[in-house]
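Letters go in sequence order (proteins before strands), and every chain restarts at 1. Note that the structure is a prediction, hence the values are computed from the model and not measured.
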Amino acid sequence: MKHTMSVLVENKPGVLARVAGLFSGRGFNIESLTVGETEDAAVSRMTIVVGGDDMILEQISKQLNKLIDTIKVIDMTEKQFINRELALIKVAVNSGNRGEVMQVVNIFRGKIVDISSKTFTVEVTGTDDKINALLELLLPFGIKEMVRTGSVALTREWQKEEPKKR
Amino acid sequence: MKKKGAEILIECLEREGVEFIWGIPGGQAIPIFDALYDSKKIKLVLTRHEQGAAHMADGYSRSTGKIGVCVATSGPGATNLVTGLATAYMDSIPMIAITAQVPTKMIGNDAFQEADVVGITRPVTKHNYLVKDINNLAKTIREAFYIANTGRKGPVLIDLPSDVAKAETEFVWPEDVVMKNYNPTYKGNINQIKKAAEEINKAKKPVIYAGAGILAAVASKEFKAFAEKTGAPVGLTLLGLGCFPGTHNQFIGMLGMHGTRTSNLAMHEADLIIAIGARFDDRVTGNLAFFAKNAKIIHIDIDPTSISKSVRADIPIVGDAKNVLPELTKQVTAGKHQEWWAKINEWKKNFPLAYSKKGGLKPQFIIEQIYELTKGKAIVATEVGQHQMWTAQFFKFDTPRSFVSSGGLGTMGFGLPAAIGAQFGNPGKLVFDISGDGSIQMNIQELIIAVEHKLPIKIIILNNGCLGMVRQWQQLFWKKRYSGVDLSIQPDFVKLAEAYGAAGMRVTKEEEVKETLEKSLKINDRPTLIDFRVAKEENVLPMVPAGAAITDAIDYKDVELA
Ligand SMILES: Cc1ncc(C[n+]2csc(CCOP(=O)(O)OP(=O)(O)O)c2C)c(N)n1
């Protein structure tokens with residue numbers, strides 16, 4: 001199953017290499033990884049989407065925790081969270097199908113941010129499911145180029161109460 | 001007071017209690033060596049290869065519990081440390097490596113003798129640092145020592161550009177180490193300990209499986225008290241040897257690939273495995289599909305990532321053995337387990353560690369003789385191969401830190417420098433390096449260090465004319481296709497020893513073993529090397545073939561009959 005991990009790390013050179021090395025050195029696969037500054041300039045937040053069984057995910061989370069530069073690891077998947085990804089998609093269009101493509105993009109609340117005689121460049125944000133769905137609909141027109149940022153995520157302020165542990 | 005970077009480095013090392021530093025200088029390292037020149041507290045030992053320096057620091061750490069320090073210049077000096085760092089890292093040995101680096105302005109320019117040392121050593125160190133600002137230097141060194149020697153221990157590397165070593169700043173000794181994100185867990189969770197005690201009290205066939213974590217935690221006393229109260233049999237990992245007396249009647253032997261049949265059968269039949277400071281390494285568990293299917297597992301370790309990594313623990317306890325064990329001992333009821341011991345004793349009787357006395361000078365016999373002559377009172381380092389396993393099997397280690405061996409990485413060439421490091425740290429003690437004719441040639445250049453410093457280490461070469469352990473695998477599993485293992489063309493080890501200024505001796509017959517060993521024990525002012533010409537085709541048995549269940553061992557009788 002896919003998990004979204006949010007990892008707060010010290011904003012120092014070499015930290016990304018340590019995290020990446022942890023995954024590559026143990027044969028874990030990263031589906032996506034984003035890094036950026038947080039409200040505290042000394043701290044970066046990495047959002048890492050990974051797949052694997054429970055034992056692998058437990059290892060990943062423990063190994064991330066073990067890095068000296070790690071401040072906190074949150075497995076978002078155990079919580080209520082918001083995740084968003086941004087994609088830029090360059091679709092092939094022609095005079096016959098421009099309208100249809102625009103309609104699809106509108107339904108997904110995407111924006112057309114660049115136009116040429118043969119292409120539209122679409123900007124869309126959402127969960128990865130939403131972006132996948134849009135891609136599937138655009139695929140028949142021909143996708144010339146595409147880039148995705150990978151997910152970023154934050155926990156929701158309101159969390160469902162956890163069942164009390166005895 | 002204002003001090004140069006290199007002076008700050010040395011002063012910090014002194015304040016951390018460092019007594020020795022092993023290494024080799026070079027262009028970028030001259031400032032560091034210049035500062036060492038004035039140190040009255042630290043003895044600089046010039047090695048002949050940086051790998052030797054790393055293993056000496058490691059052997060010193062393993063045998064004393066203090067932190068070994070090695071130093072190398074930039075580029076090739078630093079890359080030569082890598083095997084030594086990886087060796088220490090795999091076995092969780094606290095160590096500090098200092099490497100010189102090209103000046104900060106030149107980093108990334110492919111400067112002469114530049115290597116990305118922090119990048120290269122990242123996967124083989126617990127942590128590493130490139131110090132670009134002299135004002136961070138003292139703090140970094142303190143952190144490095146703290147990290148190396150706490151939690152699951154390990155080597156830490158500090159890469160120091162030469163301009164930082166030469167720069168000056170006001171020196172302030174940081175009294176405390178403040179690291180808000182690094183907090184190893186020492187105390188075990190009370191509820192988990194309670195649950196563990198309940199399981200132990202219920203168990204009919206418990207086995208204690210302990211490893212080097214006990215040594216790292218300096219918890220042998222606490223461990224013995226615990227083991228004796230539970231009355232359970234104790235099996236140890238290779239690196240755990242010595243954490244519990246090898247002569248104790250609850251000891252059932254080493255576990256795993258070349259462990260005793262008894263300890264492996266006991267693990268297999270157990271209804272409860274109490275793992276302490278061990279990591280369910282594949283050499284111990286054998287094929288996981290068949291491993292301890294009927295046992296509940298309690299796993300006590302300071303490193304959470306070791307728990308439920310390969311074998312799922314029913315009761316995980318993250319904590320330091322020194323804290324957890326006394327708590328647990330309080331809560332367990334004294335046990336006898338008579339039925340269980342009856343079974344174990346039967347295994348012990350039916351499957352003793354043994355070897356055939358026929359067919360020439362036997363390496364096992366030599367180990368037994370060393371044990372008897374020294375009464376076990378020695379620090380024994382080994383290289384890697386058959387001789388290492390025979391040592392683990394036939395020498396009974398009664399005291400902590402008396403067995404010094406590369407387990408996780410299995411580094412040939414480790415033993416000689418490690419024995420030298422151990423002798424530096426334990427001046428009065430008898431120190432052996434038990435070696436093969438292959439391994440000894442991997443760091444033989446360090447022999448001169450033992451001569452120079454008058455270290456009376458005893459180097460035992462179990463000379464079988466081949467890379468024995470590989471030959472054994474080829475014999476048993478590769479249809480005797482002996483590819484790349486012949487060492488029959490070899491130096492005259494006796495002359496080689498003499499050329500270095502060491503004593504050299506040769507033994508070819510059983511009758512000469514004892515007297516030659518006795519002679520070597522009288523030599524106190526230089527190392528002795530003894531070339532034992534042993535049976536070539538001797539095997540380390542029992543052996544659980546890689547990938548087999550731990551119950552499926554080949555025993556010496558099977559091979560004799562075949
Ligand atoms: C640096 C290194 N290279 C290769 C190996 C693989 N290896 C493991 S045991 C062994 C043979 C060791 O031969 P020797 O030192 O003569 O000891 P013996 O097994 O004969 O006792 C080899 C080549 C290793 N462990 N380390």
Side-chain angles (χ1 to χ4, degrees), chain A residues 1 3 5-30 33 35 37-46 48 50 52-75 78 164-166, chain B residues 86 89-90 92 104 107-108 116-133 136 140 143-144 146-148 150-154 156-157 159 177-185 189 191 279-280 288 299 301-313 316 318:
Chain A
M1 190 188 142
H3 278 231
M5 311 269 213
S6 187
V7 189
L8 294 172
V9 295
E10 300 211 18
N11 184 3
K12 285 202 253 193
V15 177
L16 179 59
R18 280 184 212 283
V19 172
L22 183 159
F23 281 83
S24 65
R26 291 174 189 272
F28 303 147
N29 245 324
I30 302 182
L33 185 156
V35 201
E37 248 178 43
T38 61
E39 67 286 355
D40 176 352
V43 175
S44 304
R45 185 187 291 272
M46 295 189 181
I48 309 174
V50 289
D53 61 25
D54 284 357
M55 223 148 142
I56 291 184
L57 282 158
E58 188 180 328
Q59 260 303 307
I60 292 176
S61 137
K62 285 171 168 179
Q63 292 286 354
L64 285 167
N65 261 309
K66 190 170 161 181
L67 292 177
I68 309 280
D69 296 322
T70 300
I71 299 164
K72 194 170 179 191
V73 180
I74 310 155
D75 187 343
E78 293 163 358
K164 281 225 175 70
K165 280 188 190 138
R166 279 168 200 275
Chain B
Y89 182 65
M90 282 294 271
S92 310
T104 36
I107 291 178
D116 172 10
V117 172
V118 164
I120 290 170
T121 61
R122 196 175 289 125
V124 295
T125 50
K126 182 170 173 186
H127 198 58
N128 60 16
Y129 295 90
L130 169 65
V131 184
K132 286 169 123 175
D133 179 352
N136 290 335
T140 302
E143 275 184 20
Y146 178 64
I147 291 171
T150 50
R152 179 171 177 179
K153 300 176 181 185
V156 178
L157 178 139
D159 202 24
V177 187
V178 195
M179 295 186 68
K180 59 178 192 296
N181 307 320
Y182 173 73
N183 301 302
T185 312
N189 179 296
N191 292 326
R279 60 187 173 91
F280 291 91
L288 282 173
H299 194 173
D301 203 287
I302 197 152
D303 176 12
T305 66
S306 282
I307 295 178
S308 296
K309 183 175 59 185
S310 51
V311 173
R312 162 106 21 227
V318 178

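For Ile307(B), the parts sitting under 4.5 Å from any heavy atom of chain A are the backbone and the side chain alike. Contact annotation for Arg312(B): both backbone and side-chain heavy atoms come within less than 4.5 Å of a heavy atom of chain A. In this structure, the portion of Glu58(A) lying under 4.5 Å from any heavy atom of chain B is its side chain and not its backbone. Both the backbone and the side chain of Asn128(B) come within less than 4.5 Å of a heavy atom in chain A.
Contact count versus chain A (heavy atoms, under 4.5 Å) is highest, among Ser308(B), Pro184(B), Pro123(B), for Ser308(B). Of the listed residues (Ala17(A), Ser61(A), Gly25(A), Gly21(A)), the one with the most heavy-atom contacts under 4.5 Å to chain B is Ala17(A). Each of Lys72(A), Gln63(A), Glu10(A) has some count of heavy-atom pairs under 4.5 Å with chain B, and the biggest count is that of Gln63(A).
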Problem - Evaluation steps, side chain to side chain contact (heavy atoms under 4.5 Å, CB included), between Met179(B) and Ile68(A) - result: CA-CA 9 Å; Met179(B) 295 186 68; Ile68(A) 309 280; 3.5 Å; yes
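Under a 3.5 Å cut-off, the side chain of Lys66(A) and the backbone N or O of Pro304(B) do not form any donor-acceptor pair.
Annotation: Asp54(A), atom CG; neighbour count of heavy atoms from other residues, nucleotides and ligands within 6.0 Å does not exceed 12.
Separating the CG atom in Asp69(A) from the CG atom in Asn181(B) is a distance of 8.0 Å, to the nearest 0.5 Å. We find the CG-OG1 distance between Leu22(A) and Thr305(B) to be 9.5 Å, quoted to the nearest 0.5 Å.
Here the side chains of Val318(B) and Lys62(A) are not in contact, with every heavy-atom distance at 4.5 Å or above.
The two residues Lys309(B) and Met55(A) have their closest heavy-atom pair at O-CE, 3.6 Å.
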